[in-house]
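What follows is a single structure, written as structure tokens, with notes after it.
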Amino acid sequence: MTQTQQQTEPGSPEWVRAQRRHLGITQAVLARSLEVQVITVSRWETGRRQPGRYAVRAIEALVRRNDSRALRARKAALAAAAQERNKQP
């Protein structure tokens with residue numbers, strides 16, 4: 001998790017924006033993932049509205065899943081690279 005993600009309160013505009021950027025997705029993709037309208041995500045990020053606790057939990061779950069997949073992919077890539085190194089005479 002980045003420093004920005006750790007320093008902001010869950011549900012704050014900065015937190016919502018940081019989580020979305022960490023995921024590397026647009027407001028539209030986040031909205032679709034959470035089954036809300038794009039304007040809702042925009043309002044969360046501008047501070048006009050706050051996400052409810054279920055939306056916060058859903059965003060946290062998206063980040064955890066994304067981070068877990070990235071970690072597994074990295075471990076697999078490192079294992080494949082190590083295997084390749086071991087094959088060479």
Side-chain angles (χ1 to χ4, degrees):
M1 211 178 282
T2 67
Q3 191 175 26
T4 301
Q5 288 173 300
Q6 293 173 347
Q7 291 178 350
T8 57
E9 182 75 23
S12 71
E14 297 82 13
W15 181 85
V16 174
R17 189 177 304 109
Q19 301 308 308
R20 180 179 59 77
R21 288 180 176 167
H22 176 73
L23 291 166
I25 59 176
T26 64
Q27 288 181 345
V29 173
L30 180 58
R32 198 170 326 128
S33 298
L34 300 174
E35 298 180 357
V36 298
Q37 295 181 2
V38 177
I39 192 70
T40 300
V41 174
S42 177
R43 288 176 179 153
W44 293 343
E45 290 190 6
T46 59
R48 291 180 64 208
R49 296 276 189 260
Q50 270 196 306
R53 71 173 178 238
Y54 295 112
V56 169
R57 288 179 184 164
I59 294 168
E60 290 171 336
L62 287 171
V63 170
R64 276 194 306 276
R65 273 196 304 265
N66 183 68
D67 289 349
S68 293
R69 287 179 187 151
L71 182 60
R72 282 194 305 271
R74 181 173 178 176
K75 284 182 179 179
L78 290 173
Q83 219 172 21
E84 281 298 313
R85 281 194 305 271
N86 291 337
K87 284 184 183 179
Q88 301 201 1

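Since the structure is predicted, the reported quantities are computational estimates derived from the model, not experimental observations.
Rounded to the nearest 0.5 angstrom, Gln83 CD and Asn86 CG are separated by 8.0 Å. The CZ atom of Arg64 sits 12.5 Å away from the CZ atom of Arg69 when rounded to the nearest 0.5 Å. Rounding to the nearest 0.5 Å places OG1 of Thr26 at 12.5 Å from CZ of Arg21. Once rounded to the nearest 0.5 Å, the distance linking CG of Leu30 with CH2 of Trp44 reads 6.5 Å.
Taking the charged nitrogens against the carboxylate oxygens, Glu84 and Lys87 do have a contact shorter than 4.0 Å, which makes a salt bridge.
Proximity of a side-chain donor or acceptor of Ser33 to a complementary backbone N or O of Val29 within less than 3.5 Å is detected. A distance-only check finds no donor-acceptor pair linking the side chain of Asn66 to the backbone of Leu62 [under 3.5 Å].
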Got a list of side-chain donor-acceptor pairs under 3.5 Å for residues 46-61, not counting sequence neighbours?
| from | atom 1 | to | atom 2 | distance (Å) |
| --- | --- | --- | --- | --- |
| Thr46 | OG1 | Ser42 | O | 3.1 |
| Thr46 | OG1 | Arg43 | O | 3.3 |

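Asp67 has its side chain out of reach of Leu71: every pair of non-hydrogen atoms, C-beta onward, lies at least 4.5 Å apart. Glu14 places none of its side-chain heavy atoms less than 4.5 Å from the side chain of Glu9.
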